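Here is the structure we will look at.
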Amino acid sequence: MKLSLLFRALLFGVSASTVHARPGPSKSYTEIYRPQYHFTPAKNWMNDPNGLVYDADEGVYHLYFQYSPSGPKWGALSWGHATSKDLMHWTEQPVALLARGFPGNVTEMFFSGTVVIDEANTSGFGRKGKVPWVAMYTSYYPVEQVLPSGKHVLKDVQAQSIAYSLDKGMTWTTYDAQNPVIAEPPTPYQDLYKEFRDPGIFWHKETQHWVALVSLATQHKVLIYTSQNLKHWDFASEFGPVNAVGGVWECPNIFPLSLDGKKTKWVLVLGLNPGGPPGTVGSGTQYVVGDFNGTTFTADANSIYDGSGPEDSVIFEDFEGDATFAARGWTATGDLANASPAKGTLAGQNPVTGFQGQQLLNTFIDGDATTGTLTSAPFDISHKYINFLVGGGSNVNETAIRLKVDGRTVHTSTGSNSESLAWQTWDVSKLQGQSALIEIIDNTTGGWGHINVDQISFSNTRATSTIANWLDWGPDFYAALGWNGLPQGQRTIIAWMNNWQYAQNIPTDPWRSAMTVPRHLALKTIDNKATLVQEPAGKWKSLTNHGRAFTFRKVESVRDLGRIGKTLELELKFSSDRASSSEKAEFGVSVAATRDYSHETRVGYDFSTQQVFVDRTRSGDTSFDGTFAGVYSAPLAPSSDGTVSLRILVDWSSVEVFGGEGEATITSQIFPAQNAVYGRLFSTGGKTADVKLRVREVRSTWR
Ligand SMILES: *[C@@H]1O[C@H](CO)[C@@H](O)[C@H](O)[C@H]1NC(C)=O
Ligand SMILES: *[C@@H]1O[C@H](CO)[C@@H](O)[C@H](O)[C@H]1NC(C)=O
Ligand SMILES: *[C@@H]1O[C@H](CO)[C@@H](O)[C@H](O)[C@H]1NC(C)=O
Ligand SMILES: *[C@@H]1O[C@H](CO)[C@@H](O)[C@H](O)[C@H]1NC(C)=O
Ligand SMILES: *[C@@H]1O[C@H](CO)[C@@H](O)[C@H](O)[C@H]1NC(C)=O
């Protein structure tokens with residue numbers, strides 16, 4: 001992992017008085033904001049998890065991580081180290097790979113990478129019956145130099161190197177005779193040596209060779225290498241760009257999981273910075289599901305987004321071709337009477353984006369002066385959903401698309417005062433078999449007095465304007481990595497619970513950054529798509545008390561829960577059956593709240609958009625970054641029994657939400673006041689039924 005040039009300057013600001021190459025004595029871990037059951041180093045800066053490996057003989061999980069020995073800011077990047085027997089209680093160990101030259105002038109930093117246990121001694125690093133562990137990492141060279149291997153490297157080169165350990169990961173020897181073992185990117189990418197990093201290595205059993213994934217960060221490419229001995233690597237193939245490309249790709253890693261417990265699929269995980277999930281600013285993590293044959297990764301078609309609707313879509317109207325609306329079967333009135341679909345943007349309009357094909361309905365015909373209506377011929381509702389792309393004005397009475405059944409409007413949608421069309425969906429599952437018609441109105445001439453519609457279609461899948469499979473929809477989940485060495489088919493991951501947008505400014509001291517809770521992954525078909533589902537790993541019950549249970553037949557407005565604490569596991573379940581109303585229909589729980597609720601973090605569900613959300617706009621200290629106060633949402637359909645379930649982990653400076661079966665997660669830091677120990681339920685825009693809540697306190701794993 002690297003930082004921008006801005007931060008590299010810090011490296012040269014290291015002073016001897018702030019040098020701490022080893023972790024300090026075991027601390028009480030009681031400082032304000034100190035996570036109580038998440039991993040943090042006792043002090044100093046941390047970012048990406050690295051080299052996760054499980055030592056099955058000893059039953060020990062190793063966690064290495066990007067670490068600055070020089071203080072709570074990025075610099076002199078080294079590999080910190082911690083171990084655990086249960087993925088919950090961690091013991092910080094001495095630094096595993098200390099920046100070369102530190103604390104003087106650093107000549108090599110150890111950026112992100114991974115560790116494998118070389119059981120078969122393919123590397124030949126084994127000695128006296130000891131199995132070698134091999135780490136592959138990115139060497140970052142801040143100065144031009146000739147290395148011990150005789151290789152010459154320029155300033156700012158990133159190249160891939162290896163080190164080995166003969167004492168089960170406690171101490172490491174760099175392979176100075178040959179490092180770096182991948183000195184530069186392959187043809188034609190040699191010039192991109194400053195953006196070449198984060199090797200993810202593993203043993204590919206089926207083809208009996210080692211595989212390394214290396215990111216060509218600014219090109220949104222993953223380069224795939226193979227090796228027999230971890231020392232000599234052959235470039236095999238490349239993958240990308242696909243899906244989210246709003247920032248550099250980092251920390252690629254790939255692993256097999258069985259889909260629904262049946263056939264094996266491969267999941268490629270990629271860090272992205274910036275360009276994270278919708279509504280966030282900065283870092284995010286995406287994944288792509290597909291197949292891997294030992295040299296080549298092939299993505300499944302439905303894991304890639306091109307903006308088109310679901311595969312099973314039956315198009316009702318795509319507005320292609322020159323025929324007038326009337327000739328296409330619409331009853332057209334007003335200025336639309338003799339009009340036709342538009343070829344994209346109209347005169348005087350800002351660029352219209354997000355439509356499919358060449359044409360769309362665009363009522364900016366005579367600028368915003370155009371008014372009129374289009375009414376479709378009646379049709380029978382044949383599928384669970386009606387999907388369409390819509391943009392333009394946002395007034396439900398003036399620029400709208402409506403579904404009418406028996407002359408009654410049952411659904412209304414609008415644009416969002418934007419020329420960018422986005423998918424919207426009407427859930428018509430309960431109306432199947434009935435006759436309906438669609439009405440599109442432009443009833444106003446004012447600002448945003450137009451509507452854009454395209455690709456009205458019937459489907460049993462909701463369309464989304466999603467551009468990626470987000471591993472987590474929150475702002476604080478980056479560089480997710482899984483443990484090598486677990487039994488085949490198991491994947492447990494951990495991620496850096498921070499965001500480059502503000503990572504260096506979060507108000508914690510003397511450490512900066514935590515890891516998420518480790519999460520166990522499974523791959524399930526949800527909404528016709530292979531989807532990662534997550535749950536907290538480890539024996540949770542051993543950390544929590546029995547807790548308090550609350551049951552409410554109905555909740556309206558707010559319901560105080562009183563003092564619930566600061567380290568919590570909440571399980572919240574409620575009915576998704578809510579009549580729509582004019583007010584936003586939301587239900588959820590406020591946590592980490594002060595007595596007067598001037599500070600609270602709201603975790604809830606929006607019934608109309610079917611999204612779980614975390615609102616940290618009033619969560620406590622948000623002052624250190626202008627973008628920190630935000631609301632983050634993830635799509636979550638109710639379960640088949642008509643309920644919504646949320647599992648919420650609250651620590652002294654974080655909230656992690658697992659929605660449904662874990663297909664929607666939102667990870668978010670918060671910095672609440674010391675006395676933010678209260679909680680309450682909220683229900684806006686009506687009553688929420690069949691509410692069940694269990695609140696358990698989670699014990700500190702540090703005391
Ligand atoms: C560190 O580098 C600077 C500039 O290159 C040089 O002036 C200084 O002597 C070096 N210090 C050490 C301890 O090598
Ligand atoms: C591993 O290979 C090296 C090099 O061939 C050899 O010297 C060593 O004895 C081997 N170690 C083990 C444990 O097999
Ligand atoms: C893997 O797939 C690629 C692309 O289809 C192909 O060129 C290659 O030969 C395959 N390798 C193996 C081991 O099957
Ligand atoms: C739409 O019209 C209704 C009924 O006249 C009115 O109550 C509502 O406020 C209007 N909504 C907007 C967004 O103008
Ligand atoms: C357009 O607006 C007028 C008054 O503002 C209203 O009477 C009429 O019903 C509206 N038309 C549609 C199709 O909604």
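Read the numbers this way: they start at 1 and go in the same order the structure lists the ligands and their atoms. Quick caveat: nothing in here was measured; it's all calculated off a predicted structure. Computed from heavy atoms alone, side chains included, the values below leave out hydrogens, waters and symmetry copies.
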Can you label the angle between the [X] ring and the [Y] ring as parallel, tilted or perpendicular, going by 30° and 60°?
{"X": "Phe379", "Y": "Phe316", "value": "tilted"}
{"X": "Phe202", "Y": "Trp266", "value": "tilted"}
{"X": "Phe125", "Y": "Tyr175", "value": "perpendicular"}
{"X": "Phe682", "Y": "Phe587", "value": "tilted"}
{"X": "Trp203", "Y": "Trp210", "value": "perpendicular"}

Could you check atom 7 (O) of ligand 3 against the protein and tell me its nearest heavy-atom contact, residue, atom and distance included?
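Sorting protein heavy atoms by distance from atom 7 (O) of ligand 3 puts Thr296 OG1, 4.8 Å first.
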
Using distance alone, with no hydrogens and no angle criterion, decide if Asp442 and Thr444 have a side-chain donor and acceptor under 3.5 Å apart.
no

Looking only at N/O atoms, are Asn443 and ligand 5 under 3.5 Å apart anywhere?
yes

Under 4.0 Å from [atom], is there any protein heavy atom?
{"atom": "atom 4 (C) of ligand 4", "value": "no"}
{"atom": "atom 11 (N) of ligand 4", "value": "yes"}
{"atom": "atom 14 (O) of ligand 3", "value": "yes"}

For ligand 5, which atoms, with element, lie under 4.0 Å from some heavy atom of Ile441?
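Under 4.0 Å from Ile441, ligand 5 has these atoms: 13 (C), 14 (O).
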
Atom indices of ligand 5 within 4.0 angstrom of Arg402 heavy atoms, with elements:
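Answer, ordered by atom number: 14 (O).
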
Any salt bridge linking Lys343 with Asp322? Criterion: basic side-chain nitrogen under 4.0 Å from a carboxylate oxygen.
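Looking at Lys343 and Asp322, the cut-off is met.
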
Need the ligand 4 atom indices (1-based, order shown) with element for anything under 4.0 Å from a heavy-atom of Asn397.
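So the atoms of ligand 4 that pass are 1 (C), 2 (O), 3 (C), 8 (C), 10 (C), 11 (N), 12 (C), 14 (O).
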
Can you figure out which of Asp291, Thr298, Asn293 has its heavy atom closest to atom 6 (C) of ligand 3?
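Ranked by closest heavy atom to atom 6 (C) of ligand 3, first place is Asn293.
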
